[in-house]
Enquirer: 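Have a look at this one before I ask anything.
Lettering follows sequence order; numbering is per chain, from 1.
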There are 2 protein chains.
Amino acid sequence: MYLRALIGLAEDGTTTCSSEELAASAGVNSAKLRKDLSYLGSYGTRGVGYDVEYLRYQIAREIGVTHDWPVVIVGIGNLGHALANYSGFRSRGFRVVALLDADPSRHDEVVAGLDVRSFEDLESIVTEHDVSIGVIATPAVASQSVADRMVAAGITSILNFAPSVLSVPDGVDVRKVDLSIELQILAYHEQRKSVATGTEGVS
Amino acid sequence: MYLRALIGLAEDGTTTCSSEELAASAGVNSAKLRKDLSYLGSYGTRGVGYDVEYLRYQIAREIGVTHDWPVVIVGIGNLGHALANYSGFRSRGFRVVALLDADPSRHDEVVAGLDVRSFEDLESIVTEHDVSIGVIATPAVASQSVADRMVAAGITSILNFAPSVLSVPDGVDVRKVDLSIELQILAYHEQRKSVATGTEGVS
DNA sequence: AGGAGTTTGTGAACGGGAGAACAAAACGGC
DNA sequence: GCCGTTTTGTTCTCCCGTTCACAAACTCCT
């Protein structure tokens with residue numbers, strides 16, 4: 001988030017910023033920002049602030065976005081389609097090297113300039129491109145078996161868009177994004193709002 | 001998450017479950033689950049466990065998924081396209097009532113059975129369908145102005161997929177989903193793994 | 001050179017979530 | 001009807017992230 005805020009500041013032509021400004025851009029408290037940055041090192045100048053370009057490079061180096069990460073996406077339904085085309089991945093240092101789907105009827109499609117290939121090709125693709133990050137955009141029922149195959153093939157980080165809890169061995173990282181859970185959280189607060197104001201009754 | 005786990009258990013034909021089982025399905029600790037459920041009330045039976053259907057209804061009622069929530073999606077690019085087609089929304093009680101885009105060249109498209117309409121129609125749609133939840137899938141530069149218009153039109157909950165920090169008045173909830181941040185977090189851990197094992201050097 | 005004004009970096013206090021542990025309650029067998 | 005077993009609901013403790021507050025350090029102006 002700080003890196004993204006710095007990029008935004010750099011695009012606006014800002015060369016130096018205080019922790020207060022950067023915190024506002026990132027939407028956090030300035031003390032938290034200073035403490036977070038202090039874990040990386042002492043990259044600011046007291047009385048002046050942070051050099052935008054310098055700090056940007058230091059953060060990029062620390063979090064590992066200085067080189068491209070190859071990524072495979074499994075499950076080319078609506079969501080996988082969008083992810084394959086999502087420009088944010090490429091601009092943040094991720095390169096989609098393959099799109100896989102278990103459904104043979106999808107194998108003739110070309111999405112985002114890539115052939116949709118058979119899920120059976122997973123191992124060879126992972127080996128060839130030295131892929132360590134996989135994205136699961138399949139239905140929930142398929143997600144665990146896809147994850148197992150990914151782990152067996154050597155993938156050690158998984159981004160899971162399926163609404164399922166994956167079990168993986170130690171040493172493998174999983175992050176889960178559940179789009180409808182986010183909406184449900186908003187709906188919950190909406191409901192509480194209407195209860196509080198008495199606009200709407202809840203049986 | 002608990003609701004989803006309960007639905008899964010119900011589909012498997014389970015009628016009763018212990019906190020231990022449900023916690024395992026949801027991927028959390030059983031003490032935490034019991035504590036969370038205790039905030040809703042005392043819906044379990046000691047020595048027996050929870051009735052799946054009963055608990056499911058109670059949670060659904062509490063979080064407000066007993067009735068459908070109308071939703072508008074603004075920005076019908078790749079991501080908006082996928083969101084409009086995403087079946088998880090409908091099955092979780094959300095109904096997409098309109099798709100809006102500022103680009104007139106998109107207005108002839110039909111996505112997921114809905115016309116893509118002009119962003120200018122926002123106010124009338126919100127009023128007509130009593131929409132309180134809006135989804136922003138525009139580029140980052142447009143997101144703040146879209147949010148402002150949404151708030152002015154009466155929307156009080158926003159799900160923001162743009163990589164930007166939105167500022168909104170009190171009483172409006174914003175949740176942010178940033179797809180590439182998730183990948184960056186995985187990449188960070190990957191980098192640390194390779195540093196720790198000495199597989200790869202970091203200058 | 002020195003003091004006033006800024007801004008970072010960090011020690012201390014605060015708050016809240018997570019897990020362990022246990023009392024209360026329900027069921028089943030005798 | 002009573003006791004052992006099981007499982008919930010809740011309290012207590014611990015730990016971690018966040019925030020406050022302040023000393024150290026840097027710049028600018030006189």
Enquirer: Once the angle between the rings of B:His67 and B:Trp69 is folded into 0 to 90°, is it parallel (under 30°), tilted (30 to 60°) or perpendicular (over 60°)?
Expert: tilted
Enquirer: Starting at the 5' end of DNA chain D and moving along, which residue's nearest nucleotide shows up first, B:Thr45 or A:Lys32?
Expert: B:Thr45
Enquirer: Closer than 4.0 Å, any side-chain N/O of B:Ser19 to the OP1 or OP2 of D:dT7?
Expert: no
Enquirer: So does B:Ser42 get a side-chain nitrogen or oxygen closer than 4.0 Å to the phosphate oxygens (OP1/OP2) of D:dG9?
Expert: yes
Enquirer: Locate the shortest heavy-atom distance separating A:Ala82 from B:Asn78; write the atom from each residue and the value.
Expert: CB-O, 3.5 Å
Enquirer: Within the structure shown, what part of the strands sits under 4.0 Å from B:Tyr39 by heavy-atom distance: base, sugar-phosphate, or nothing?
Expert: nothing
Enquirer: Quiz question: going by heavy-atom distance under 3.5 Å, is there a donor-acceptor pair between the base of D:dT19 and the side chain of A:Lys35?
Expert: yes
Enquirer: Does B:Arg46 or A:Glu20 map to a spot on DNA chain C nearer the 5' end, using the closest nucleotide for each?
Expert: A:Glu20
Enquirer: If you count every heavy atom of other residues, nucleotides or ligands that lies below 6.0 Å from B:Glu20 atom CD, does the total exceed 12?
Expert: no
Enquirer: Take the protein atom CZ of A:Arg34 and the nucleotide atom C1' of D:dC22, then report the distance between them rounded to whole Å.
Expert: 11 Å
Enquirer: Find the distance A:Leu37:CG to D:dT18:P and express it as a whole number of Å.
Expert: 13 Å
Enquirer: Using a cut-off of strictly less than 4.0 Å, decide whether B:Asn29 has a side-chain nitrogen or oxygen near OP1 or OP2 of C:dA20.
Expert: yes
